[in-house]
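Following: one structure in structure tokens, then a few remarks.
Whatever order the structure lists ligands and atoms in, that order sets their numbers, starting from 1.
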Amino acid sequence: MIFTPSKLPGTGTSIFSVMSKLAEEHQAINLSQGFPDYDCDPKLFELVNQAMKNGFNQYAPMAGLPVLRELIADKVNTLYGASYHPDTEVTVTAGGTQAIFTALASTIGPGDEVIVFEPAYDCYAPTIRMFGGLVKPYIMTPPNYAIDWDMVKKLFSARTKMIIINSPHNPTGSVLQEKDIQALIKLTQNTDILILSDEVYEHVIYDGREHLSISRYPQLRERAFIVASFGKLLHTTGWKTGYCIAPEFLMKEFRKIHQFNVFSVNTPMQVAIANYLKDSSTYLGLSAFFQQKRDAFRSMLSATRFDLLPCSGSYFQCITYKKIGHESDIALATRLIKDFRVAAIPVSAFYSRNTDCHVLRFCFAKKQETLEKAVESLTKL
Ligand SMILES: Cc1ncc(COP(=O)(O)O)c(C=O)c1O
């Protein structure tokens with residue numbers, strides 16, 4: 001019998017896979033995982049086909065197609081007034097997750113501490129641990145998931161290597177405000193602390209709010225990896241494409257890992273995305289598109305016994321359920337699938353200690369009829 005110790009002994013199958021499998025078994029409407037149930041703009045299919053027919057089928061350059069890197073640099077400059085050099089400070093990745101993995105792999109070593117705001121997207125903690133790092137969680141709680149930066153400061157030590165932020169935030173839909181950014185500037189100035197800013201929902205932000213990209217702030221961008229996802233931007237999560245921007249000294253290390261991890265990202269998608277995004281209305285209209293969905297979903301949910309938490313960005317709506325009972329969020333999520341054929345994610349899964357604040361997360365990046373069918377069933381609860 002061969003024995004090999006696990007690199008992630010405490011890690012099992014993710015809650016997303018568990019809930020999706022259960023949802024499939026019970027033919028439930030899947031509002032658990034964060035992906036659309038509708039197609040992207042057909043123009044994108046044509047552009048991918050065209051790219052393939054035009055012979056863009058071999059390895060792309062390691063850092064990404066120059067035309068796409070230039071487009072990314074221009075977009076960031078136009079939107080946030082930040083200058084990133086396409087040759088040395090922009091890398092196209094196989095989605096946001098790979099960018100996060102690579103940023104952590106290239107900087108985190110044994111004993112390094114990383115401050116993570118929980119509930120947190122599920123890939124941060126295992127990746128940190130994989131490289132010997134220690135997760136220092138800051139626990140955010142409903143209804144507003146606000147951050148008390150004096151408490152964050154208490155998590156700092158001589159071993160603090162990085163802070164991970166995510167705005168708009170998955171799973172809570174909260175967004176960082178100017179006062180949060182100023183606190184972050186104050187906390188990190190005159191230190192070597194790095195920032196990993198997960199901005200995959202940058203174009204999904206509501207009620208006229210502006211996305212406060214870390215790239216807007218010179219004191220922060222000089223120490224930051226910023227991660228974006230074309231999957232979220234184009235309704236094509238299965239294409240697994242995204243990018244990372246960072247100052248040259250960080251990007252140099254990032255690419256050392258990237259070149260042996262994925263080497264390069266698939267070529268025809270890059271060609272198509274570069275052509276598609278020339279028209280900025282393709283992404284500037286995204287917030288309005290999702291705000292209409294958010295408003296419709298929230299209005300429908302008001303007929304249920306759930307209490308709605310605020311949703312200022314991302315395509316997730318969280319709810320609490322004290323009028324329904326005191327069961328655990330996992331128990332309720334399981335009951336919803338089995339008895340009401342609707343799948344949601346229990347938010348305790350996003351805390352390293354499975355903190356249960358009795359909150360469920362629904363994804364509303366779905367067709368109107370999907371949302372209507374789901375809510376019709378949920379009103380019976
Ligand atoms: C907060 C957050 N970061 C990163 C990702 C991963 O993005 P991608 O699908 O491009 O890997 C997701 C996907 O759901 C996410 O919600």
Sub-6.0 Å ring centroid separation between F117 and Y145: no
Set of residues satisfying side chain to side chain contact (heavy atoms under 4.5 Å, CB included) with respect to R221, sequence neighbours excluded: A82, Y84, P218
Residue shell around ligand 1, heavy atom under 4.0 angstrom: G95, G96, T97, I100, Y121, N166, N170, D198, V200, Y201, S229, K232, K240
Geometric cation-pi criterion K366 and F297, 6.0 Å radius, 45° cone: no
Enclosure of F56 CZ (heavy-atom neighbours >12, cutoff 6.0 Å): no
Aromatic plane relationship, F101 with F131 - under 30° parallel, 30 to 60° tilted, over 60° perpendicular: perpendicular
F316-Y201 aromatic ring centre distance below 6.0 Å: yes
